[in-house]
Amino acid sequence: MTVTLGPTPTAGAAVPLATDPSTPAGRRRTRPRPGLLVAGAYLVLLVVAAVLPALLAPGDPLAADPRATLAAPDPAHWFGTDQLGRDVWTRVVHGAGHSLTIGLAATGIAVTGGVLLGLLAGLAHRFADETLSRSFDALSAFPLLLLALLFITVTGPGTASLLVAIGIATLPHHARVVRGQTLLVRRAGYVEQAVSFGLSRPRLVWRHVLPNVLGPVPVLAVIGLGEAVLAAAGLSFLGLGPQPPSPEWGAMLSEGRNYLQVAWWMTVLPGAAVTATVVALTVVGRHWQARFDGRRP
Amino acid sequence: MGPLLAVEDLHVTFDTPSGPVAAVRGIDLTVGVGECVAIVGESGSGKSVTARALVGLAGVDARVRAGRLDLAGRDVRAYRPRDWRRVRGRLAGLVVQDALVSLDPLRTVGAEIGEVLAAHDIVGRRERAGRVTHLLDQVHVPEPARRARQYPHQLSGGLRQRALIASAIAGEPVLLVADEPTTALDVTVQAQVLRLLAERRAAGVGLLLISHDLAVVAQVADRVLVMRDGRIVEEGPTGRLLQAPQHPYTRQLLAAVPSASSRGRRLSEPARVRDGCAVPALARTPLPARPAVRPDDTVLDAVGLTRRYGPHTVVRDVSFSVARGETLGLVGESGSGKSTVARLVAGLLAADAGTVTFESTRWSGVPERARRPLRRRLQLISQDPLGSFDPRYTVGRLVAENLDPGPDRTERVVALLRRVGLGPDLLDRHPRSLSGGQRQRVAIARAVAPRPSLIICDEPVSALDVRVQAQVLDLLADLRAADGTALLFISHDLGVVHHLADRVLVLHDGAVVEQGPVGDVFSYPRHDHTRSLLDALPTLVTAG
Amino acid sequence: MSLLRAVARRVAAGLVVLWAAATAAYLALLAAPGNTVDSIVGDGADTPQIRAQIVTEWGLDRPPVVQYLDYLWRLAGGDLGRSYLLQRPVAEVIGEQLAPTATLAVAAAGLGVLLAVVVAVGTTGRRRRWPRRVSSAAELLLVSTPPFLIGIVLLSVLSFRYGLFPVAGDQGPAALVLPTLTLALPIAGLLAQVLRDGLDRALDEPFVLTARARGVRERAVLLRHALRHALLPTVTLAGWLFGVLLGGAVVVEQVFGRPGLGQVTLSAVTSKDMPVVLAVVTLSAAVYVLVNTAADLTCLLVDPRLRRS
């Protein structure tokens, strides 16, 4: 099986990271884009919600109000209330922390592992590279969701196993991109040229290879984060993530589903939060990536 | 009968996010039956845009305006896309550079040529294959029936270019627009393609040839138009234009072409003379005097170098030496193994057999650690300077990397930039924002920084326009004279080597077929291959 | 001959990946905390007889290497083991639920690819700015929305509100419409992005200029030249597509209450029925490898440049 370095699909990776020399960067002048601003503003809001939720929603996400169950959105409850009378807005805001933590931790595992293994494969000699690359292939032969399910069957449901499962499932993608990038940089003219400056191999790797390989990693991570948030929502919707009453978005969706006919806001609004997060991450990630690609010769 | 192509006051403007950009600003042009007209210009002169505009393919963002635009007697100014389709391929054919990317790599050559026949309903479906074979035969492709079933990547560069020409003439157009049809081809192949184009002209086709290379144009064109910044600066019959150029720009272009006759003189005007004020280019400024070459003092010695890739031997038994301060030219066509030799000598690639000795030290077959102390005495300049720069580095950092650290490093970098004719204002710029010539100067500054005894120059000027090439060659000559640096100068261009080198090595299929002093080898070639290279070389017959 | 060698190389690589995937699944079983027998029993009845049966079947009383080789041998022979929770062979459990999931997956894949091609071809090129922006935005939205949310919204609007389609079950083609749409929309969104990107790149290539210079119609340029080039990177996504379909089926079957492999998997996960989960995972890896190898071979057929040694 050939390793395709191109668009291994994630929500936002429609544009491959490998630079295409046929599109000169100078032709694409970047203009201020309203979409980017909105996405950025949303992400700032999201971080505030995750770090200081009380700033946006002072209430208690678990406080039930039996007098106001399944209330439609109104000025008192922007997003309405659920079957126990809990304020959906408060729960969505407080859920941001849960969802973002899971996403960040899973992406952290995937990126760290992916970078280390990818670098190892890219810098290693043929045999080690072949072994590692085939392992990435084998690992990515399992569909993300099924790999996560297998992992959860072994470890039991819960936040920890959820994030580790997503991390491991998305790791091979990162590892492959980093490996490809490493090979590209290793063969680049400037690395060869640097040999003629009398640089030792460790210094060569440290000064020229590593920075150029790791440069695009943050971009990869941002786009990967969107994917992780999406996957986490899916798994906790299936009841395999944080358990109720925890205000995690996927779990809220799962709960709200039973009241779909009478209280659409219980499902649609937390769902919109997930979608908006992934869209915002993708928009910012792609923009960053385009700038990055333009920067490279 | 009037001209095939009559253009008056043609303007092409592109809409860009930062406002309209005029690429062609009012040019006049005619091409008659059986006539070959050439447009010569450097990159950015608007010559390719002109070619595309004439077949209605200037692009979506382009606005084309003309006082007159007649193709085969028809006014095409108000043509809509549908009308243009009937013109293209049928009235006017287009041949562009590099058929590897200009023929669809997923389709057979025959399918590509047949597409013209189908688009214009020229012959019925059944006869198409026969016609394709006939067309390939017409452009002298051997075994046309078999070649028609092959894919572009299976054909050599010359055959591909011929197939492309076959597809352009399939609709029997009266006008053929050829945009750099021989660029990137080896000289021998280039000569064949030019002969082929001349044949079409003899058959009555009008030919509009676009090229950056005056020598190429001189072979076939009846008239030459010199284009610069979207305008025609001079035009006239080929002989007159080359012998007695009127415009200073044309003179600069002609003077910049390196050849046997340019040996020992500058190709470009000294930097202090502004464009077009005077004509010092023809004043034959001599190159500065160099320290004498000491043939007994060898800098580099290569013996029996051989390198294999799988079953292919790309370099076989190559031996040569470079004396201190000497410039050794290494010429050969693409695939002759020139660049592999460069990498073997530079110690970037291990040889399968043979040894390299550099500065009396064993250079090949030793661990990199053993080479490291002497690394900076041997530097490299490549064809693609941008690729040889770490993309994160500024100009200052790039040059500084090759200098020993010290408190005055910045001053030393500035001094080096001055030496190569660049100002200190470039220190913090990224090479991406520089022009091709400036980039190559930065690469040269970096290479001379540690005062090497040998610089390997691998096609250092082949990606540059002729005037920029002239400046860079002059710069190399200046530095060589000042520092007494030996150069191993690799090029496909015999003119460049003849201009600069003391001795020359001719490489063919990985082996040295001939070597000796430049004058001897190029005047009295002994080997057939050298002879065919020289025969194919288009030469400029200029005044003096 | 180079073609034959290229095919052989890809098939061999596929087999290696398959072996590695089976091993990975086996390692997951061993890595489970606690006794392996406990892991295999899961939430099922735990009697000494069953435990003895497991030990015999999995060869747990033999050396680990023999266990492992025996496991591979059984797998190679098509023996997926036995679910002690359901007291049935796993192959049987999976076999009878395969049809509805396969129907759903094939329908969704077909619809998704069709939508993607139509949208991408319709919005490529630089002339049409607005349709392109709208479809880009829609694609981004579809790709970023959890599939189950799409399903839930479709369900609540089209089934609950207007009663156009059945709410649950798999009776008749009408019940297939919403699940197919739910599964197909995100796929279409992503494929359309990749495809249009490929088309845009292809249209910038010099051979397109030459084709236009021959007087070829724009539609022919698009379909005959550019689309082939754009489809190549899309074909390599076939393996991924399969993964999404299978993963999506788990969710969609849950939302629409459809029987199928997804439901089997999910209930196996919640009841810790390890043999079933292992079998589903290994099987999906096998199909993934198969699909991917087929995709590679397709590329090999379409792109003659890959046939070079």
Side-chain angles (χ1 to χ4, degrees), chain A residues 1-2 4 6-9 11-12 14-16 20 22-23 35 134-135 137-157 226 230 233-234 237-240 249-250 253-254 256-257 260-261 264 267-268 271-272 274-283, chain C residues 10 13-14 16-18 20-21 23-25 28-29 31-33 39 140-141 143-149 152-153 155-156 160 190 193-194 197 201 204-205 233 236-237 239-240 242-244 246-247 250-251 254-255 265-266 268-270 272 274 277-278 280-281 284-285 288-289 292-293 296:
Chain A
M1 194 167 322
T2 48
T4 41
T8 301
V15 191
D20 175 20
S22 70
T23 43
R134 289 296 167 234
S135 326
D137 280 352
L139 205 53
S140 53
F142 301 108
L144 193 159
L145 195 91
L146 288 191
L147 191 59
L149 287 182
L150 174 65
F151 193 84
I152 289 167
T153 319
V154 172
T155 57
L230 206 56
F237 172 77
L238 295 174
L240 302 169
W249 292 342
L253 278 160
S254 185
R257 206 177 124 219
L260 195 56
Q261 280 162 283
W264 56 266
T267 320
V268 172
V274 175
T275 306
T277 305
V278 180
V279 168
L281 286 170
T282 310
V283 167
Chain C
R10 277 162 174 78
V16 170
V17 172
L18 200 56
T23 307
L29 175 68
S39 307
L140 181 58
L141 214 58
V143 171
S144 308
T145 307
F148 56 85
L149 187 63
I152 288 172
V153 169
L155 197 63
S156 65
F160 290 150
L190 194 122
Q193 286 177 341
V194 176
D197 194 53
R201 273 165 207 270
D204 270 345
E205 295 277 344
T236 58
L237 293 185
W240 161 83
F242 166 75
V244 168
L246 205 60
V250 176
V251 174
Q254 170 77 359
V255 170
T265 313
L266 203 57
V269 170
T270 34
K272 299 205 174 99
M274 201 65 185
V277 177
L278 269 184
V280 170
V281 169
S284 68
Y288 172 92
V289 169
N292 232 359
T293 309
D296 273 355

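In this text the structure is predicted, and so the values were computed from the model without any measurement.
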* Asked: If you take all heavy atoms of C:V281 and A:L146, which pair is closest and at what distance?
  -> CG2-O, 3.9 Å
* Which bit of A:L240 comes within less than 4.5 Å of chain C, counting heavy atoms only: side chain, backbone, both or neither? -> side chain
* Given that the side chain runs from C-beta out, which part of C:S39 has a heavy atom under 4.5 Å from chain A: side chain, backbone, both or neither? -> neither
* Structure fact -> Residue from C:A31, C:A285, C:S156, C:A24 scoring the most non-hydrogen pairs under 4.5 Å with chain A is C:A285
* Choice from C:L278, C:V16, C:L266, C:T270 maximising heavy atom contacts with chain A below 4.5 Å -> C:L266
* Structure fact -> Honestly, the part of C:V255 sitting under 4.5 Å from a heavy atom of chain A is both
* Structure fact -> Counting heavy-atom pairs under 4.5 Å with chain C, the top scorer among A:G234, A:S135, A:G250, A:G239 is A:G234
* **Stepwise side chain to side chain contact (heavy atoms under 4.5 Å, CB included) test for A:L145 and C:L246** => CA-CA 8 Å; A:L145 195 91; C:L246 205 60; over 6 Å; no
* Measuring heavy-atom distances to chain C, does A:L144 have an atom under 4.5 Å in its side chain, in its backbone, in both, or in neither? -> neither
* Is any side-chain N of the basic residue among C:D204 and C:R201 closer than 4.0 Å to the acidic one's carboxylate O? -> no
* To do: Tell me, for C:L141 versus chain A, whether the close heavy atoms (under 4.5 Å) come from the side chain, the backbone, both or neither.
  => both
* Structure fact -> Between C:P146 and A:V274, the two heavy atoms sitting closest are CG-CG1, 3.6 Å
* Structure fact -> Turns out that what part of A:A148 lies under 4.5 Å from chain C's heavy atoms comes down to neither
* To do: Go through A:P143, A:A141, A:A276 and name the one with the most non-hydrogen pairs under 4.5 angstrom from chain C.
  => A:A141
* **C:F242/C:S284 under side chain to side chain contact (heavy atoms under 4.5 Å, CB included): CA gap, chis, key distance, verdict** => CA-CA 9 Å; C:F242 166 75; C:S284 68; 4.3 Å; yes
* Which is it for C:Q254 and C:V251 under the side chain to side chain contact (heavy atoms under 4.5 Å, CB included) test, yes or no, and what are the steps along the way? -> CA-CA 5 Å; C:Q254 170 77 359; C:V251 174; 5.6 Å; no
* Between A:T267, A:T155, A:T275, A:T277, the one whose heavy-atom pairs under 4.5 Å with chain C are most numerous -> A:T275
* Structure fact -> Between the CG atom in C:L149 and the OG atom in C:S144, the distance rounded to the nearest 0.5 Å is 12.0 Å
* To do: Begin with the C-alpha distance, continue with both residues' side-chain angles, and end with the deciding distance and a verdict on side chain to side chain contact (heavy atoms under 4.5 Å, CB included) for A:L150 and A:F142.
  => CA-CA 10 Å; A:L150 174 65; A:F142 301 108; 5.6 Å; no
* **Pairs of heavy atoms under 4.5 Å with chain A: top-ranked of C:T145, C:V244, C:L18** => C:T145
